[in-house]
Protein chains: 2
Amino acid sequence: MRKAADTRTRILDISAELFARKGFTGTSISDIAGELGTTTAALYYHFPSKADILAGLLAEPLEAYGRVIDDLGVSHPSAESLLSTMIDLTAGARGLGQIIDRDPAVLPLIEQQLPRTSAEMQEAVIAALAGPDPSRAGLLRAQGALAVVKQATLVALELAGGSLQPEDRAEILAAALRVMNPESP
Amino acid sequence: MRKAADTRTRILDISAELFARKGFTGTSISDIAGELGTTTAALYYHFPSKADILAGLLAEPLEAYGRVIDDLGVSHPSAESLLSTMIDLTAGARGLGQIIDRDPAVLPLIEQQLPRTSAEMQEAVIAALAGPDPSRAGLLRAQGALAVVKQATLVALELAGGSLQPEDRAEILAAALRVMNPESP
DNA sequence: GTCTATACCCGGATAGAC
DNA sequence: GTCTATCCGGGTATAGAC
């Protein structure tokens, strides 16, 4: 016997997979309903809109992300510590980060109901990594290190079937740190 | 007096900018027409469809990319040489690479009229970087290095107003190579 | 080459029965 | 909770005058 909360969770799971694979705009309500085995109308009993499904998926990861950002000004973490955290955030979002990063049409849809835009948060991380008064080279290194974290973590998740292996995690962190540090370790 | 070839070029320029900023699906024909200063119908005198505009933009970069791929099996370039080439390809595509990488809905539209999918080409580059029988760590490093090239090159283009500065180029290449090489340089 | 007008379709969303 | 039926808007694309 299926409960509403149950169905809600299934919708979120299905949507996460489809959004990650085909993008948000590339996934239609009827795609989701099809996977779910119902009609589109049934979906609207559980969620008021397509954007709300996405919001439901992103709420928790973005909150975690936000806490990290808030902490930046207080604890002034090292590059190692911050990149390490970013690996975990990326892994924890199950490929949902891609949706925000990649589909420019998505941001306006959820931006309003969030304290910070993801662009602002990304900026904050870059700024923290690059330090005050960064050189162009320093900025490029920070951007590069974060790109390594995002891409390699996603690939590692795929390779390991959804969970991040400790040795992969260590490898990614080391690689990102090498990007940050021009001198040999 | 405006010629057709002229207008065609303007359409391509405008579309390149809009596609890069708002994505392909996020850009409507009337967005382009608006920038152009005409109606949507006028656009269809120059291009038979929206997908053809994209194809017009991607044809040359993808051909150049394809030549690099074809050459991989012959010249077995070093990581340095290959990553260096990838920087130039990324810069030469004026942010158009993003469109392919980021919008999953785009591929089906142009895939048919191309010899190779961009996914296949990306695979080939990764394989060439990682070498035969790569370890998981080796794969992650290759993926990371390529991610650095793509992201940092885009940022460098923005910072420098559209052209890639030699010192930025050198910085990006060095960073990507550090990702590839676990030992100190 | 560009216009006005319009056809067509698809995706998101709603109404109301069951 | 899920259905059938339907609406509505926006986006692509076409017809035909100028």
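A, B, ... follow the sequence lines: proteins, then strands. Residue 1 opens every chain.
One can place CD1 of B:Ile32 at 12 Å from P of D:dG11, the figure rounded to the nearest angstrom. Per the geometry, CG belonging to A:Asp6 stands 10 Å off P belonging to D:dG1, to the nearest Å. Rounded to an integer number of Å, the gap from CG of B:Leu54 to P of D:dT12 is 13 Å. Separating the CG atom of B:Asp52 from the P atom of D:dT12 is a distance of 14 Å, rounded to the nearest angstrom. In this structure, B:Phe47 places its CZ atom 18 Å from C1' of D:dT14, rounding to the nearest Å.
Using a 4.0 Å cut-off between charged side-chain N and carboxylate O, A:Arg169 and A:Asp88 make a salt bridge.
Between the B:Asp103 side chain and the B:Ile99 main chain, no donor and acceptor come within less than 3.5 Å of each other. Side-chain atoms of A:Ser30 never come within 3.5 Å of backbone atoms of A:Ala33 as a donor-acceptor pair (strictly under, hydrogens ignored). Here the side chain of B:Asp31 pairs a donor or acceptor atom with the backbone of B:Ser28 at under 3.5 angstrom. Side-chain atoms of A:Asp168 do not come within 3.5 Å of backbone N or O of A:Leu164 as any donor-acceptor pair.
Under the 4.5 Å side-chain criterion, counting only non-hydrogen atoms from C-beta, B:Leu146 is not in contact with A:Gln151.
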Nucleotide by nucleotide, nucleotides 11-18 of chain C touches protein heavy atoms under 4.0 Å in the pattern (B base, S sugar-phosphate only, - none) SSBBB---

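The shortest distance between the side-chain N/O atoms of B:Thr39 and the OP1/OP2 oxygens of C:dC3 is below 4.0 Å.
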